[in-house]
Amino acid sequence: MDRINVSRLSFRRKVSHKKDKHRHELSDNSSEDIPRIKYISQTEAQNIDQELFTEYAFSVDQLMELAGYSCAVAIAKCYPIEEMTKDNHAVLVCCGPGNNGGDGLVCARHLKMFGYKPTIFYPKRPSKPLFDALYQQCEGMDMPVLSFFPSEAHLITDSYNFVVDALFGFSFKAPVRPEFEPVMETLKKIEAPICSIDVPSGWDVEKGDPNGLQPELLISLTAPKQCARLFKGKHHYLGGRFVPRTLEQKYELNLPPYPGTDCVVELKQDTQEDGTA
Amino acid sequence: MELAGYSCAVAIAKCYPVEAMTKDNHAVLVCCGPGNNGGNGLVCARHLKMFGYKPTIFYPKRPSKPLFDALYQQCEGMDIPVLSFFPSEAHLITDSYNFVVDALFGINFKGPVRPEFEPVIETLKKVESPICSIDVPSGWDIEKGDANGLQPELLISLTAPKLCAHLFKGKHHYLGGRFVPRTLEQKYELNLPPYPGTDCVVELKDTQEDGKA
């Protein structure tokens, strides 16, 4: 006997042919009523994460693997390896002390598989098995790890095609810890593109930071955070294609359809400036 | 397991695009065995659901380990139905499902097939929908194959193809599990083909018949 729980069957939205718009299947006022993707608050981000791990039984490393992988894929779409001419596709991945840093380690590993040459900067390693394992995996892929952060921005600009910012994510609360301050200040001055994972590090997750990092690429994970409205870079992607339909509906995320089997989808820049969705 | 199962779903979607799956609104059956191959199947089913297919799971022997409990719960959370018993006749499967994912037995299999799985394998041999086998066609000797065994149409080898894949006579052979560190690949002289760009699968050609690579 099939165990389809009828009460959880969702109203299936038909995907329209327009690339990045949602339309209700039989809506009369389709022109006024297009549900836009939701930009979530810090609390919503934390709650959604918790529910994924509790109600939906995902493990942290499982989702971190999918998240980090989608970051690598989005990065490769925006910065194709053939165009990364500095030092044979060299890139720098800066990993912070939490889950955002873990995403960065996964991302670095997949970038290596794709043919980039990542170097990792990981000044504060949490003493947890998950992060030890991720670090060891990077070592097993022959990824160099910097002992100290380059003191001057031009050193980074000269050596790396781009920098992956995996320092702080949606759990961040200002101010930046003292040991990370110099890193942030240097990154603000580099001229190589910055690819931020989930949240530009140091930004208030909801209000952003006009004086903060200005990444060129932002990969929002699961759903974009409110501060992403203030993102002024070139490319905004959504990754982390693992949100069950019922969870998406609960939070009214209105996620756009991912193309085919892609694990990322581009979010177009019609959400800037005045902050309206 | 997550990367392996995901690459299986991607390979399947390449060979059987969702728009072409006309039976019962993209319905597919995923048969999961009692070990890691079954776990790969659960992951695969979840990603197939994300891609727009409508998987149903058959999972008769669930190992009592947290990993598999979690994978199963994740499928439940995605509203993937689970069959209580295997359809008794092959045509019931052929009529209802666009293809069947065979995630019963993998590299740890040693014959003979356990009694509770015998009828499943026998029925699958008669199904006319394509069978997509994860890593090893279930029931095959890992090295020598089985001329009388399941004949899948798609084989997704994980990490590296197994010896029995030389005897695979189906239409599509893909390699998935793009996570092998270079030093490990060199140690075992796997000579893996390059994966295109950021793809997590690569099609393998010319591995049949006389056993030559």
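Just so we're on the same page: letters track the sequence lines, and every chain starts at 1. On a predicted model such as this, the values are computed, not experimentally measured, just so you know.
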Determine all donor-acceptor pairs shorter than 3.5 Å in which one atom belongs to a side chain in residues 114-121 of chain A; sequence neighbours excluded.
from	atom 1	to	atom 2	distance (Å)
A:Y116	OH	A:Y79	O	2.6
A:Y116	OH	A:I81	N	3.3

* To do: Could you tell me whether a side-chain N or O of B:Q74 sits under 3.5 Å from a main-chain N or O of A:A57, the two making a donor and an acceptor?
  =>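 Looks like yes, one N/O pair under 3.5 Å.
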* Inter-chain contacts: residues 179-187 of chain B against chain A, heavy atoms under 4.5 Å ->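 Result: B:F179, B:V180, B:P181, B:T183.
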* Asked: At their closest point, which heavy atom of B:R46 faces which heavy atom of A:Q62, and how far apart are they?
  ->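 Shortest heavy-atom contact: NH2-NE2, 2.9 Å.
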How long is the span from the [atom1] atom in [X] to the [atom2] atom in [Y], to the nearest 0.5 Å?
X      : Y      : atom1 : atom2 : value
A:F58  : B:E2   : CZ    : CD    : 7.5 Å
A:H110 : B:C200 : NE2   : SG    : 9.5 Å
B:T198 : A:I75  : OG1   : CD1   : 11.5 Å

* Between A:D142 and chain B, which part of the residue has a heavy atom less than 4.5 Å away: side chain, backbone, both or neither? ->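 Only the side chain of A:D142 comes within 4.5 Å of chain B.
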Can you give me every donor-acceptor pair (side chain of residues 115-122 of chain B, partner residue at least two apart or in another chain, under 3.5 Å) with its distance?
from	atom 1	to	atom 2	distance (Å)
B:E122	OE2	B:K125	NZ	3.0

* Engaged part of B:L67 at the chain A interface, taking heavy atoms whose separation is under 4.5 Å ->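 When you check distances to chain A, no heavy atom of B:L67 falls under 4.5 Å.
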* To do: Select one option (side chain, backbone, both, neither) describing which atoms of B:L71 are under 4.5 Å from chain A's heavy atoms.
  =>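 Looking at B:L71, just its side chain touches chain A.
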* Given the options A:M141, A:E65, A:K112, which has more heavy-atom pairs under 4.5 Å with chain B than any of the others? ->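 Looking at each option in turn, the highest pair count goes to A:E65.
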Result block: side-chain N/O donor-acceptor pairs under 3.5 angstrom for residues 37-44 of chain B, not counting sequence neighbours:
from	atom 1	to	atom 2	distance (Å)
B:N37	OD1	B:L104	N	3.3
B:N37	ND2	B:I134	O	3.0

